[in-house]
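A short worksheet on the structure shown next.
Order of appearance sets the numbers: ligands from 1, and atoms from 1 within every ligand. Side chains included, hydrogens not; waters and symmetry mates left out as well; all remaining heavy atoms used.
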Amino acid sequence: LPESTDVVVIGAGGAGFAAAISAANAGKKVVLMEKMGVLGGDTALSGGEMAVPGNWIQVKEGIVDSPEALAKDMLEGGDNAGDPALVQVIADGALESSQWLTFEGGVSWKHDLMQFGGHNTKRSIIPITHSGSEMTTKLTKRVNEIDDITLVDCTRAVELVKDGNAISGVKVQNTVTGEENTIACKAVVMASGGFGSNVDMRVKYNPAMDDKILSTDSVGVTGDGITMGEAAGANLIDMEYIQTYPVCDPSTGALLYVGDVRLEYQAIMVNKEGDRFVEELDRRDVISNAITKQSDGKGYLLFNQKGADETGLLVTHADEYENILARNVIAKGDTLDDVCSQMGVDAAELQKTIDTWNQYCKDGKDPEFNYRGKMNPIEEGPYYLMACKPAVHYTMGGLHINTDAQVLDQTGAPIPGFYAAGEVAGHKMGTNRLGSCSMTDIYTFGRIAGANAAAHSA
Ligand code: ADP
């Protein structure tokens with residue numbers, strides 16, 4: 001580790017990679033540190049889908065979209081509690097960030113789009129492997145090619161050092177040896193992610209988010225940047241808004257990517273009694289709350305072989321599929337009776353639900369729940385029925401930033417030399433983040449934070 005550098009970036013997830021590369025490309029020396037032995041954070045665990053209005057697939061398919069339309073969906077999806085100025089930066093930066101990932105990062109994409117809950121159009125591009133690890137592995141490779149970036153793992157930032165009001169360094173600890181050091185720097189970009197894996201912190205700000213709720217998150221996302229930032233004078237904002245993801249493994253909390261058939265093609269969600277109870281493309285919080293109210297606290301996603309084939313998700317996520325099949329989280333069968341008996345769902349009622357759904361498909365509308373996507377009849381098998389339960393996924397609150405990614409103090413003034421990007425920064429997503437907006441956020445604000453931290457250290 002160098003004794004001093006221009007910019008220190010804390011956390012090697014998507015936001016941290018974007019910030020480090022951007023600061024180095026502006027001619028600065030950068031230290032990018034990660035406390036875990038693996039890089040990538042929640043970004044690597046995510047599906048990596050990214051909301052990009054005006055993307056090349058939309059253009060090809062003739063889908064009309066705009067940054068304004070994305071901003072409107074994001075704000076409404078978060079009950080208008082997010083800062084419209086921050087949201088506009090994300091929406092305006094989306095297309096350029098996707099191009100940056102392609103050309104600077106070397107990321108490849110699938111040729112189709114996903115429509116996430118709360119979005120009023122199909123606008124989310126998908127990494128070729130349908131995983132955020134496509135991004136984090138390619139960005140790691142890119143970082144390793146850039147001489148001006150020193151990338152270290154097993155190195156935890158423990159404290160921000162200040163000179164007067166300005167950030168002047170970072171105290172770090174090697175997580176293997178325990179050895180402590182201080183790196184002097186001119187600017188810090190905090191990119192340490194959220195606090196979904198820190199139950200004490202969750203309960204402190206939102207008592208409902210206790211240890212009975214599992215989490216989809218990396219064990220590394222424990223809110224360190226929020227704690228360090230607060231100690232350095234930062235204002236915290238929206239801390240009580242914690243999101244659960246509805247489609248998670250009932251016994252481990254892992255996000256079930258096989259369930260993305262719901263978003264990429266179609267799946268209907270029923271309860272144990274065999275009845276639909278929510279619009280399958282509604283917001284994450286709406287679906288999560290609806291699932292929690294069911295008699296066994298679970299939802300069951302139903303799709304058929306057509307859904308599996310159209311999306312290829314059982315192949316792209318073959319490891320997950322085999323794992324959940326072996327553990328009876330998902331059932332496959334030639335008949336509805338078969339999958340229902342494996343999962344303990346009422347088969348006769350489910351058959352009625354499907355008959356009704358197929359009628360809705362013919363009529364072109366769903367009067368019960370107003371399904372907003374394209375409606376496909378569920379006819380021949382094999383069928384898949386998957387149990388799911390909500391788990392903590394994303395924390396909307398964090399360090400208060402402005403549109404230049406500067407961290408603000410309690411008076412609203414920027415703390416000199418202190419920038420933040422990604423999940424650690426709050427007030428963008430309001431009460432609820434829409435799916436695939438995090439990627440748009442982390443690469444847009446990550447690049448802004450890196451560039452501005454570089455300019456600050458001139
Ligand atoms: P984002 O999506 O905002 O980029 P991620 O969760 O993908 O966030 O990445 C955040 C990364 O920051 C994780 O890899 C996490 O382990 C790392 N991290 C968290 N706290 C610290 C810390 N104190 N020092 C160094 N790295 C940290």
Does the side chain of R327 pick up a donor-acceptor pair with the side chain of S251 at under 3.5 Å?
yes
Main chain of G220, side chain of K35: is a donor-acceptor contact present, judged purely on distance under 3.5 Å?
yes
Please identify which of these residues, Q99, K138, R142, meets the side-chain hydrogen bond (donor to acceptor under 3.5 Å, both in side chains) condition with E104.
R142
Note down each nitrogen or oxygen pair, ligand 1 side and protein side, whose separation is under 3.5 Å; give only atom names and the distance to 0.1 Å.
unit_1   : atom_1 : unit_2 : atom_2 : d
ligand 1 : 2 (O)  : T43    : OG1    : 3.2
ligand 1 : 3 (O)  : E423   : N      : 2.8
ligand 1 : 4 (O)  : G14    : N      : 3.2
ligand 1 : 4 (O)  : A15    : N      : 2.9
ligand 1 : 6 (O)  : D42    : N      : 2.9
ligand 1 : 7 (O)  : G40    : O      : 3.4
ligand 1 : 7 (O)  : D42    : N      : 3.2
ligand 1 : 7 (O)  : T43    : N      : 2.9
ligand 1 : 7 (O)  : T43    : OG1    : 2.6
ligand 1 : 14 (O) : E34    : OE1    : 2.6
ligand 1 : 14 (O) : E34    : OE2    : 3.2
ligand 1 : 14 (O) : G41    : N      : 3.3
ligand 1 : 16 (O) : E34    : OE2    : 2.6
ligand 1 : 20 (N) : D224   : OD2    : 3.4
ligand 1 : 23 (N) : A157   : O      : 3.0
ligand 1 : 23 (N) : D224   : OD2    : 2.9
ligand 1 : 24 (N) : A157   : N      : 3.0
ligand 1 : 26 (N) : K35    : N      : 3.2

Once you measure the plane-to-plane angle for Y257 and H317, does it fall in the parallel (<30°), tilted (30-60°) or perpendicular (>60°) bin?
parallel
E423 vs V221 side-chain heavy atoms within contact, under 4.5 Å:
no
Do the non-hydrogen side-chain atoms of E159 and E180 ever get within less than 4.5 Å of each other?
no
